[in-house]
There are 2 protein chains.
Amino acid sequence: MAYLDRQTATHGDGLSESARSERAWSEFTASNRVKRLALTEHEAVFFEGDRAERLFEITDGAVMLYKLLPDGRRQVVEILGEGSLFGLQASDLYDCSAETLTPVRLRAIDRHDLEAIPDLLGHINQCLLGQLQTMHDHAVLLGRKSAFERVTSFLMRFVPKRGEVGCAGPAKDGPDEKVVVLAMTRQEIADYLGLTIETVSRVFSDLRRRGLIAAEKHDRVRILDICGLCKLTGTH
Amino acid sequence: MAYLDRQTATHGDGLSESARSERAWSEFTASNRVKRLALTEHEAVFFEGDRAERLFEITDGAVMLYKLLPDGRRQVVEILGEGSLFGLQASDLYDCSAETLTPVRLRAIDRHDLEAIPDLLGHINQCLLGQLQTMHDHAVLLGRKSAFERVTSFLMRFVPKRGEVGCAGPAKDGPDEKVVVLAMTRQEIADYLGLTIETVSRVFSDLRRRGLIAAEKHDRVRILDICGLCKLTGTH
DNA sequence: CGCGATTTTGATAATGTTCAACAGTAGTGG
DNA sequence: CCACTACTGTTGAACATTATCAAAATCGCG
């Protein structure tokens, strides 16, 4: 199952993105200009400022992109799951660093080889549009949402088909639950949400006290009332 | 002169973007499937949720994209200048609203006509990459910067060639000045920076007291010490 | 000049941060 | 298996920054 169901589900126009991607990459894979690599969790893929010679597609797992300020403040700018592209730049240097969150399998391709395969362009476009739209939502979160809304919005990311435009609501029968694997430390979550670890921790505790979530492990949460959580995101 | 020099200057790989754009649009313009429109300031181009049937390129002027939360909170997610594209969506609805900041000239094209002109794809890609990179920087601003850093970063956006990687520094002779036209109300600036109008106003006043800027008009500022301002952005 | 709108300034309140202590968890080695 | 350690996460109290509310000042314009 994809790390971020929502992320990969957003773009859709008839043909599924993964199918489009496969078709686009196929001739490439054959030409063995595509390198495959496997990384464990919390491994760096590249650093901000490195020469951007390759771009990557996530075959499996999750990757975060982050930027650092000179005094050490960090902002995680994107969290990417299966099917997402990263490392493609407008300039010739990476504008942010990339690090795995989980064990990850990647396909890498030299940026110069890109021009040879115009087929990929459409797929890349679709990917970038999805990422841009996600960034818009994230800007709203960072610029206008409270700590509570940020954390609950973050949790709702992991619940596919809920909190979207035409949300079906909870199933009539049975509880409105889901177990969610965050695969991120408190520090990473805080840096993604523009908060401190303490604030993130406090919100989690509060949600637990209110009976909206239950802790399975530190990075594993059981959401007990998806609808209730959704109402706290500020989006609805 | 472009509204946002920085914005349009970022992407560059040999051929200038405006030249690439011209070439890409040329056959299109001829086919008169391109509609041109001119708008005055503070006119809506489209609203979030409208069917995304057309995309736009800014020939001249500036446009902002924003999103609203149901309780009325607003986040301006992008500010776009000459040469920028907007209105292209992954899904079939606009994910945010678009409004002009200045008088604007646009080229509009039906999204279905896009597929007919693969030439445009490369240009669109380059545009999207630039926008995504700008969003990364903006996420850092929203997630990790203080009110002071946000406002000073905002002002530095309008000073081309300064505050970049290889900043030349001030010219040896003469003052390190520049008059900047914001073309935005305090409310718009606040909504872009994730602050309130009062906080924005206070920071401006403080910068004035410190002798870093001088007010020409409300939306017109003379930066008196570009280097000094740059040091307050948190980026350097 | 005078009206309405925007901006600025001031006082107070709220939210989130910081700093510090404590608790839980996993990993290591006797 | 348990004690020890290091790390991550939690909780509390004081503090800082920014928001909120209210009022005054300024600007644009007829």
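Since the model is a prediction, treat every value here as computed from it, not as a measurement. Residue numbering restarts at 1 for every chain, and letters A, B, ... go by the order of the sequence lines.
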Requested in this report: Please report the C-alpha distance between Lys67(A) and Glu48(A) in whole Å, then the side-chain angles of each, then the deciding distance to 0.1 Å, and finally whether the side-chain contact (heavy atoms from CB on, under 4.5 Å) criterion is met.
Outcome: CA-CA 7 Å; Lys67(A) 286 174 78 85; Glu48(A) 182 176 348; 3.8 Å; yes

Query - Intermediate values then yes/no, salt bridge (Lys or Arg N to Asp or Glu O under 4.0 Å), Arg144(B) and Asp191(A) - result: CA-CA 8 Å; Arg144(B) 288 300 179 214; Asp191(A) 286 345; 2.8 Å; yes

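In terms of the side chain to side chain donor-acceptor pair (under 3.5 Å) criterion, Arg186(B) has no residue partners (sequence neighbours excluded). With sequence neighbours excluded, no residue satisfies ring pair (Phe, Tyr, Trp, His ring centres under 6.0 Å) with Tyr66(B).
For DNA chain D, the span of nucleotides reached by chain A at under 4.0 Å from its heavy atoms goes, 5' to 3', from dG9(D) to dA13(D).
Summarising the geometry, the separation between CD1 on Ile197(B) and P on dA5(C) is reported as 14 Å, rounded to the nearest angstrom.
Between the side chain of Arg150(B) and the backbone N or O of Leu142(B) there is at least one donor-acceptor pair closer than 3.5 Å. Between the side chain of Thr233(A) and the main chain of Thr152(A), no donor-acceptor pair closer than 3.5 Å is present. Glu43(B) contributes a side-chain N or O that, together with a main-chain N or O of Thr40(B), makes up a donor-acceptor pair within less than 3.5 Å. Arg208(B) contributes no side-chain N or O that, together with a main-chain N or O of Ala214(B), makes up a donor-acceptor pair within less than 3.5 Å.
Residues of residues 207-223 of chain A having a heavy atom closer than 4.0 Å to DNA chain C: none are found.
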Sort me out a list of protein N/O and nucleotides 14-17 of chain C N/O pairs below 3.5 Å, or just none if empty.
| unit_1 | atom_1 | unit_2 | atom_2 | d |
| --- | --- | --- | --- | --- |
| dG16(C) | OP1 | Ala147(A) | N | 2.6 |
| dT17(C) | OP2 | Thr196(A) | OG1 | 3.1 |
| dT17(C) | OP2 | Thr199(A) | OG1 | 2.2 |

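Salt-bridge annotation for Glu149(B) and Arg73(A): present, with a side-chain N of the basic residue lying under 4.0 Å from a carboxylate O of the acidic one.
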Could you tabulate the donor-acceptor pairs under 3.5 Å formed by side-chain atoms of residues 195-204 of chain A, not counting sequence neighbours?
| unit_1 | atom_1 | unit_2 | atom_2 | d |
| --- | --- | --- | --- | --- |
| Thr196(A) | OG1 | Thr199(A) | N | 3.3 |
| Thr196(A) | OG1 | Thr199(A) | OG1 | 3.0 |

